[in-house]
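Beneath this line is the structure, given in structure tokens, with notes to follow.
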Amino acid sequence: MSQKQQITDVLMVGATGTIGQLAVRAAERHGLRPRALVRDIQRAAHHLPGIALVQGDLEDPASLRKAVVGADAIILTHGSGGDPRPDAREHIDYGGVRNILTALDGARPRLALMTSIYATRDDVPGANPWKRRSERLLRASGLPYTIVRPGWFDHAGPTQRRLVLEQGGTADGGIASDQIAETLVRCLLTDTALSKTFELIAAEGEEPSDQADWAGLFGALEGDGPSATDGALDPAGLPVEAEPQRIRADLDAIRSLRRSDGR
């Protein structure tokens with residue numbers, strides 16, 4: 001999808017979360033029309049006054065089909081944090097992405113997916129391999145996308161506003177929540193962000209001030225490649241051939257949707 005193609009309606013997945021709420025407001029500032037996917041309309045209305053709401057549950061694929069209709073783009077900031085179930089990461093962090101991609105049924109919105117700075121790490125306690133698996137599904141879909149791996153939310157000082165975009169899985173650090181939200185929205189509006197996966201932290205200095213700054217930030221990154229399974233420069237680990245059969249089956253199913261659409 002080119003920046004010249006109009007993006008107006010943006011489905012926000014995870015809209016009631018910390019980053020999600022900020023992303024909704026960032027989308028509004030850029031003249032977009034955000035629509036929030038929520039499980040409980042009444043409860044969400046309190047957190048998102050004035051925002052269009054659509055009912056759906058990431059664990060209920062049938063409920064997502066109506067929710068995705070008409071979306072020019074989708075921002076996904078959902079996560080399993082706070083869910084006590086031992087398999088919550090599989091069902092939400094990963095399964096939510098799988099179910100959204102399946103529900104699209106041939107539609108081709110542009111997607112911005114937020115995962116984690118530790119998505120590719122197996123040497124960090126608590127690192128979440130389901131985030132990396134969700135990224136692989138999105139790449140396999142053939143849809144226009146950007147994957148953002150932010151550092152620690154709000155673990156950055158007030159003068160640390162210069163964005164640092166890195167690849168290779170070794171970055172560490174913090175970033176303000178509002179900068180994560182702004183980056184996700186800018187990913188939808190900037191051609192040089194397409195097919196890019198990167199870690200995002202902040203350092204001392206000034207934040208980008210205009211579209212040219214953002215285009216330069218994204219443009220300096222290496223693209224993932226048209227048939228990539230992992231992000232550019234990602235470290236080896238979690239090989240697809242060693243994955244459980246059900247995970248490999250999900251990848252094949254998403255790829256088959258791509259082929260059936262002639263992509």
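Nothing fancy with the numbering, it's 1 onward along the sequence.
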Do [Y] and [X] meet the salt-bridge criterion of a basic N to acidic O distance under 4.0 Å?
X: Arg161; Y: Glu204; value: no
X: Arg255; Y: Asp250; value: no
X: Arg186; Y: Glu207; value: no

Backbone N/O of [Y] and side chain of [X]: donor-acceptor pair under 3.5 Å:
X: Asp72; Y: Thr8; result: yes
X: Gln167; Y: Glu222; result: yes
X: Thr190; Y: Thr192; result: no
X: Asn99; Y: Leu58; result: yes
X: Asp87; Y: Glu90; result: no
X: Asp93; Y: Ser80; result: yes
X: Ser63; Y: Asp60; result: yes
X: Arg110; Y: Cys187; result: yes

Working to the nearest 0.5 Å, report the span between [atom1] of [X] and [atom2] of [Y].
X: Thr102; Y: Leu104; atom1: OG1; atom2: CG; answer: 8.5 Å
X: Leu143; Y: Leu137; atom1: CG; atom2: CG; answer: 11.5 Å
X: Leu113; Y: Leu101; atom1: CG; atom2: CG; answer: 9.0 Å
X: Leu200; Y: Leu163; atom1: CG; atom2: CG; answer: 5.5 Å
X: Leu238; Y: Thr229; atom1: CG; atom2: OG1; answer: 11.0 Å
X: Leu251; Y: Arg246; atom1: CG; atom2: CZ; answer: 12.5 Å

Check step by step if side-chain contact (heavy atoms from CB on, under 4.5 Å) holds for Arg43 and Leu53. CA-CA 11 Å; Arg43 181 180 178 185; Leu53 306 175; over 6 Å; no
Path from [X] to [Y] over hydrophobic side-chain contacts below 4.5 Å:
X: Ile117; Y: Leu138; result: no
X: Leu233; Y: Val164; result: no
X: Trp214; Y: Ile175; result: yes
X: Leu184; Y: Phe153; result: yes
X: Ile7; Y: Val148; result: yes

Looking at every non-hydrogen atom in both residues, tell me the closest pair between [X] and [Y] and how far apart they are.
X: Ala15; Y: Ala36; answer: CB-CB, 3.5 Å
X: Ile254; Y: Ala140; answer: CG2-C, 3.9 Å
X: Leu217; Y: Pro208; answer: CD1-CG, 3.9 Å
X: Ile74; Y: Pro109; answer: CD1-CG, 4.0 Å
X: Ala202; Y: Gln179; answer: CB-OE1, 3.8 Å
X: Arg132; Y: Gly237; answer: NH1-O, 3.4 Å

Are any non-hydrogen side-chain atoms of [X] and [Y] less than 4.5 angstrom apart?
X: Glu182; Y: Arg29; result: yes
X: His78; Y: Ile92; result: yes
X: Thr170; Y: Asp172; result: no
X: Leu111; Y: Pro144; result: no
X: Leu189; Y: Leu32; result: yes
X: Lys196; Y: Ile147; result: no

For Met12 and Leu48: C-alpha separation, side-chain torsions, deciding distance, then whether side-chain contact (heavy atoms from CB on, under 4.5 Å) applies. CA-CA 11 Å; Met12 316 294 293; Leu48 298 167; over 6 Å; no
Do Ser177 and Asp154 get their side chains close enough for a donor-acceptor pair, meaning under 3.5 Å? yes
With sequence neighbours excluded, residues passing ring-ring contact (aromatic ring centres under 6.0 Å, His included) with His155: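 Partners of His155 under the ring-ring contact (aromatic ring centres under 6.0 Å, His included) test: Trp152.
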Please enumerate all residues that pass ring-ring contact (aromatic ring centres under 6.0 Å, His included) together with Phe198, with sequence neighbours excluded.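 Result, ring-ring contact (aromatic ring centres under 6.0 Å, His included) vs Phe198: Phe218.
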Any chance you could lay out the side-chain contact (heavy atoms from CB on, under 4.5 Å) test for Leu257 and Ser141, step after step, and finish with the verdict? CA-CA 7 Å; Leu257 291 174; Ser141 74; over 6 Å; no
Arg248 CZ: over 12 foreign heavy atoms closer than 6.0 Å: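 Count over threshold, so yes.
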Enclosure of Gln42 CD (heavy-atom neighbours >12, cutoff 6.0 Å): no
Out of the candidates Asn128, Asp123, Val124, only one should pair with Tyr118 under the side-chain contact (heavy atoms from CB on, under 4.5 Å) rule; please name it. Val124
Is there any salt bridge (Lys or Arg N to Asp or Glu O under 4.0 Å) pair reaching into residues 135-151, and which pairs are they, with sequence neighbours excluded?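 Of all non-adjacent pairs touching residues 135-151, those that pass salt bridge (Lys or Arg N to Asp or Glu O under 4.0 Å) are Glu135-Arg139, Glu135-Arg149, Arg136-Asp230, Arg136-Glu243, Arg139-Asp224, Arg149-Glu199, Arg149-Asp234.
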Let me see the working for Val54 and Val38 under side-chain contact (heavy atoms from CB on, under 4.5 Å), right down to the final yes or no. CA-CA 6 Å; Val54 57; Val38 299; over 6 Å; no
